[in-house]
**Student:** 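A single structure is presented below for examination.
If you're wondering where the values come from, they're calculated on a predicted model, not measured in any experiment. The chains referred to below are lettered A, B, ... by the order of the sequence lines, with proteins before strands, and numbering in each begins at 1.
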Protein chains: 2
Amino acid sequence: MIEFSRPPQSYASRTAEQRANTEGRRFDLRRPERSFTIRQLCVEFDVTPRALRFYEDKGLLFPARDGMNRVYSTRDRARLQLILRGKRVGFSLSEIREILDLYDEKDGGAVQASRSLKKFRERIEALRQQREDIDGAIQNLEEGCIRLERQLTESRPDLLPKAEAYDSVLRARLDGQVDSPLTALAE
Amino acid sequence: MIEFSRPPQSYASRTAEQRANTEGRRFDLRRPERSFTIRQLCVEFDVTPRALRFYEDKGLLFPARDGMNRVYSTRDRARLQLILRGKRVGFSLSEIREILDLYDEKDGGAVQASRSLKKFRERIEALRQQREDIDGAIQNLEEGCIRLERQLTESRPDLLPKAEAYDSVLRARLDGQVDSPLTALAE
DNA sequence: GCTTGCCTTGACGTTTACGTAAGAGGTATA
DNA sequence: TATACCTCTTACGTAAACGTCAAGGCAAGC
């Protein structure tokens with residue numbers, strides 16, 4: 001069965017709001033030095049605590065500690081965002097780590113900076129290639145759609161799902177907003 | 001060290017041409033019913049025989065046999081192309097299998113076709129999302145480039161790689177055409 | 001004081017997509 | 001005839017990215 005990259009465990013049972021109310025009362029939501037618990041980030045980005053600890057293990061994150069407990073800064077949060085996006089575009093964790101390291105390289109070594117620049121440009125070029133692949137794949141699938149639509153128009157026009165209505169539903173679903181009746185139909 | 005998805009073993013030591021000369025003499029290269037040995041496809045797409053056998057195991061390919069040996073048709077070749085592109089855009093093999101199966105669904109079951117259509121549209125939407133991710137990642141990296149360029153212009157302008165020359169070299173390298181001196185510098 | 005719930009650190013298990021070796025057979029070349 | 005080089009199957013190994021217990025700590029609430 002086809003599924004969107006829906007993780008086995010969804011950590012969205014409680015909202016970040018709820019958590020903030022119980023745990024984050026001494027923080028101002030608007031202040032940039034706000035900090036987050038592991039769960040808050042898990043809820044917000046729909047990942048598991050195990051994943052965050054794993055990223056830490058691999059040197060992609062290094063949250064502060066409050067006693068034993070991890071405390072994530074806004075900077076950690078930003079890094080996490082980059083990590084997850086990196087994953088979505090196909091980077092491995094070690095690649096992502098390298099990129100993040102390159103961003104951090106504050107020691108200002110000019111040679112290092114030059115190398116970083118080169119690597120960044122390589123990455124960009126690779127991503128452009130990947131974009132072309134995606135465009136190609138989309139085109140393939142759209143051709144498939146056309147074929148199927150033709151086939152259905154000839155045999156059972158009643159089964160033709162209306163594209164517009166469907167699209168809006170799908171978009172809502174991807175945004176994690178609604179669980180519409182059509183979702184159930186998708187089986 | 002950052003590397004482009006360069007497989008551990010490159011099966012490009014012999015060209016497809018060479019193979020065709022020794023093995024494919026009774027085939028006309030222009031005729032669409034041309035067939036291929038496993039190695040020919042490996043060379044052409046730079047994958048290992050193991051990978052092709054693996055795809056077969058998983059039901060993504062089903063080449064004919066000449067005795068024990070696999071014989072790939074142009075249709076198999078086309079499927080392989082789709083498989084590899086699917087991989088590059090992040091589909092798992094089982095997802096790719098499903099998509100290929102949907103393409104094949106010749107039994108004409110209208111309900112099946114309707115479902116296929118729906119899944120295709122889901123895939124397309126997911127790919128569009130992914131493209132946005134890629135655009136975002138490219139933007140991030142370009143910002144990083146700008147930062148680094150600024151930093152270098154201030155400290156060591158001599159170390160600034162010229163973007164244009166570099167880009168052409170990189171493109172050639174991605175096309176697997178040239179192994180330029182700059183490649184060695186990349187280390 | 002006890003349960004509930006979230007946190008921690010191990011440590012072993014799992015899936016995907018092959019790699020890699022082992023052993024055997026077919027064919028072309030020296 | 002020997003050698004090299006391709007092919008096959010079987011089977012165990014592996015890297016990445018976590019999942020899944022297990023065992024324990026700390027705090028809140030009843």
**Student:** Please give, in whole Å, the distance from dT16(C) C1' to E95(B) CD?
**Tutor:**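 Checked: the CD to C1' distance equals 12 Å.
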**Student:** Is it true that Y103(B) and V111(B) fall in one hydrophobic cluster, defined by side-chain heavy atoms closer than 4.5 Å?
**Tutor:**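 Shared cluster, yes.
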**Student:** Please report the distance, rounded to the nearest Å, between CG in L84(B) and P in dA17(C).
**Tutor:** 13 Å
**Student:** From the list dG19(D), dA11(D), dT9(D), which nucleotide is the closest neighbour of the side chain of T48(A)?
**Tutor:**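 Given the options dG19(D), dA11(D), dT9(D), the side chain of T48(A) is closest to dG19(D).
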**Student:** Between R128(B) and E142(A), does any NZ, NE, NH1 or NH2 come within less than 4.0 Å of an OD or OE carboxylate oxygen?
**Tutor:** yes
**Student:** Counting heavy atoms from C-beta on, name the nucleotide in dC7(C), dA17(D), dC8(D) closest to the side chain of S92(A).
**Tutor:**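 Between dC7(C), dA17(D), dC8(D), the one nearest the side chain of S92(A) would be dA17(D).
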**Student:** Between atom CZ in R53(B) and atom P in dC18(C), what is the gap in whole Å?
**Tutor:**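 So the two atoms are 14 Å apart, to the nearest Å.
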**Student:** Just how far, in rounded Å, is C1' of dT10(D) from CG of D57(B)?
**Tutor:**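 So the two atoms are 11 Å apart, to the nearest Å.
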**Student:** Please state how far atom CE in M68(B) lies from atom C1' in dT27(C), giving the value in whole angstrom units.
**Tutor:** 16 Å
**Student:** Which nucleotide, dC8(D), dC18(C), dA17(D), lies nearest any side-chain atom of N69(B)?
**Tutor:**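 The closest nucleotide is dC8(D).
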**Student:** Establish, with yes or no, whether the OP1 or OP2 oxygen of dA16(D) is under 4.0 angstrom from a side-chain nitrogen or oxygen of K58(A).
**Tutor:**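 No, because none of the side-chain N or O atoms of K58(A) sits under 4.0 Å from OP1 or OP2 of dA16(D).
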**Student:** Return the nearest nucleotide to the side chain of L93(A); candidates are dC18(D), dT7(D), dT8(C).
**Tutor:** dC18(D)
**Student:** Any carboxylate oxygen within less than 4.0 angstrom of a Lys/Arg side-chain nitrogen, looking at E56(A) and R65(A)?
**Tutor:** yes
**Student:** Give the rounded distance in Å between these two atoms: CD of E56(B) and C1' of dT7(D).
**Tutor:** 13 Å
**Student:** With the side chain of Y55(A) defined as its heavy atoms from C-beta on, choose the nearest nucleotide among dT7(D), dT9(C), dC18(D).
**Tutor:** dC18(D)
**Student:** Once you round it to whole Å, what is the distance between P of dG5(C) and CZ of R39(A)?
**Tutor:**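 Answer to the nearest Å: 12 Å.
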**Student:** Given the ring of F91(A), does R123(A) sit roughly above its face, with NZ or CZ under 6.0 Å from the centre of the six-membered ring and within 45° of the axis?
**Tutor:** yes
**Student:** Less than 4.0 angstrom from a charged side-chain N to a carboxylate O is my criterion; do R88(A) and E132(B) meet it?
**Tutor:**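 A salt bridge is absent here (no side-chain N lies under 4.0 Å from a carboxylate O).
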**Student:** Round to the nearest Å and state the distance from I83(A) atom CD1 to dC18(D) atom C1'.
**Tutor:** 14 Å
**Student:** Check this one for me: any side-chain N or O of R70(B) less than 4.0 Å away from OP1 or OP2 of dT7(D)?
**Tutor:** no
**Student:** Taking only N and O in the side chain of R65(A), is any of them less than 4.0 Å away from OP1 or OP2 of dT9(C)?
**Tutor:** yes
**Student:** Can you check whether any acceptor in the base of dT20(C) is under 3.5 Å from a donor in the side chain of R50(B), or vice versa?
**Tutor:**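 A donor-acceptor contact between them is present.
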